[in-house]
Amino acid sequence: MAASVDFDGDDDLLLLGFHGFGNDEHEMIRIIDALYAGTGREPNYISFRGTYDRPFIGNSYWYPDGCGVAERRRECTRVGEAVVKLLRSPVYDRFRKVLIGFSQGGYLSYRMVLEHPDVFDAAVLMSPSFKGEEDAKTIEGSTWFALCYGDGDHTIPANDQRNAREVLARTGRLFHHICPGLGHGINDEEIAALHSWLFGADRA
């Protein structure tokens, strides 16, 4: 993982980054930096690298591509337990903890809130995988969610995208944004929408 945390600063947000398949911790650092652009503040973050490395071609992932639902959930549970254990340190007590994940990392972030509903203030899910969550449990706790997809995203099937929206909307704490013309990626419009949500008057 890579981290930059000012334990004595005024900013009480701590962003916890989880990258997509075949990337590494620097992906989420770039996104976090973009979200903070124009704020005059430096982000506090811990950005994690996936638990599996891709042989020969590099970079990492959180669970094997094409694995079943049970295996995917099991891998997410392992990561979630390790992250929550880290955050139990008293040095993190003052921070509001915000998960932010893209694709695989978005699904991982969702599972972490589901299994640890009282730990995270918010979760930003960018183009999350959501396969196998048709029987999703009610999400307890008070975590706020932001869910973003591009309307040209064919990597995540439309049914999975719709299920993600329905599952998260049931919490009553969902900000949902669709980016016109965007595929399975991230663009300036999505960053701007998430910036407004994250730093809006009710969340700043």
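Everything numeric in this text was worked out from a predicted model, so none of it was measured.
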Using salt bridge (Lys or Arg N to Asp or Glu O under 4.0 Å) as the criterion, list what pairs up with Arg162, not counting sequence neighbours. none

Between the main-chain N or O of [Y] and the side-chain N or O of [X], is there a donor-acceptor pair closer than 3.5 Å?
| X | Y | answer |
| --- | --- | --- |
| Thr171 | Leu168 | yes |
| Glu133 | Asn163 | no |
| Arg73 | Gly132 | yes |
| Arg72 | Cys67 | yes |
| Asp151 | Ile178 | no |
| Lys97 | Tyr92 | yes |
| Asn44 | Asp11 | yes |
| Gln104 | Trp62 | yes |
| Thr143 | Phe120 | yes |
| Arg94 | Phe7 | yes |

Out of curiosity, [X] [atom1] to [Y] [atom2], how far, rounded to the nearest 0.5 Å?
| X | Y | atom1 | atom2 | value |
| --- | --- | --- | --- | --- |
| Ile191 | Ser196 | CD1 | OG | 11.5 Å |
| Asp160 | Thr155 | CG | OG1 | 11.5 Å |
| Asn59 | Glu27 | CG | CD | 9.0 Å |
| Leu114 | Cys76 | CG | SG | 10.5 Å |
| Phe199 | Leu194 | CZ | CG | 10.5 Å |

Checking ring-ring contact (aromatic ring centres under 6.0 Å, His included) between Phe18 and each of Phe48, Tyr63, Tyr110, Phe102, which is the one that passes?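 Of Phe48, Tyr63, Tyr110, Phe102, ring-ring contact (aromatic ring centres under 6.0 Å, His included) with Phe18 is met by Phe48 alone.
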
Working for side-chain contact (heavy atoms from CB on, under 4.5 Å), residues Tyr52 and Glu75: CA-CA 10 Å; Tyr52 292 92; Glu75 295 295 335; 2.8 Å; yes

[X] versus [Y]: any side-chain heavy-atom pair under 4.5 Å?
| X | Y | answer |
| --- | --- | --- |
| Leu86 | Ile46 | yes |
| Leu13 | Pro43 | no |
| Asp10 | Arg41 | no |
| Arg30 | Asn23 | yes |

In one Ile/Leu/Val/Met/Phe/Trp/Tyr side-chain cluster, 4.5 Å: [X], [Y]:
| X | Y | answer |
| --- | --- | --- |
| Ile139 | Leu174 | yes |
| Leu198 | Ile29 | yes |
| Ile100 | Leu16 | no |
| Val119 | Met1 | yes |
| Leu108 | Ile156 | yes |

Lys137 vs Glu115, salt bridge (charged side-chain N to carboxylate O under 4.0 Å, His left out): CA-CA, chis, key distance, verdict: CA-CA 10 Å; Lys137 299 177 181 177; Glu115 296 181 7; over 6 Å; no

I need the minimum non-hydrogen distance between [X] and [Y], along with the two atoms involved.
| X | Y | value |
| --- | --- | --- |
| Leu147 | Ala164 | CD2-C, 3.9 Å |
| Leu99 | Ser109 | CD1-O, 3.5 Å |
| His116 | Glu81 | NE2-N, 4.0 Å |
| Met28 | Ser47 | CB-OG, 3.5 Å |
| Pro64 | Glu71 | CG-OE2, 3.6 Å |
| Asp53 | Ser60 | OD1-OG, 2.8 Å |

Start with the C-alpha distance between Asp6 and Glu42, add both sets of side-chain angles, then the distance that settles side-chain contact (heavy atoms from CB on, under 4.5 Å), and finish with yes or no. CA-CA 9 Å; Asp6 183 356; Glu42 293 295 323; over 6 Å; no

Check step by step if side-chain contact (heavy atoms from CB on, under 4.5 Å) holds for Ile186 and Met126. CA-CA 8 Å; Ile186 301 166; Met126 310 172 81; 3.7 Å; yes

Does atom CZ of Arg78 have more than 12 heavy-atom neighbours, drawn from other residues, nucleotides or ligands, at distances under 6.0 Å? no

Around Asp8, counting heavy atoms of other residues, nucleotides and ligands shown, do more than 12 lie under 6.0 Å from its CG?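 No, because the 6.0 Å sphere around CG of Asp8 holds 12 heavy atoms or fewer from other groups.
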
Between Phe130 and Tyr107, what is the ring plane arrangement, given parallel below 30°, perpendicular above 60°, and tilted in between?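 Rings of Phe130 and Tyr107: perpendicular, over 60°.
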
Could you walk me through whether Leu14 and Leu87 pass the side-chain contact (heavy atoms from CB on, under 4.5 Å) check? CA-CA 10 Å; Leu14 175 63; Leu87 296 175; 4.1 Å; yes

Could you name each residue pair satisfying side-chain hydrogen bond (donor to acceptor under 3.5 Å, both in side chains) that touches residues 175-188, not counting sequence neighbours? Ser103-His184, Asp153-His184, His177-Glu189

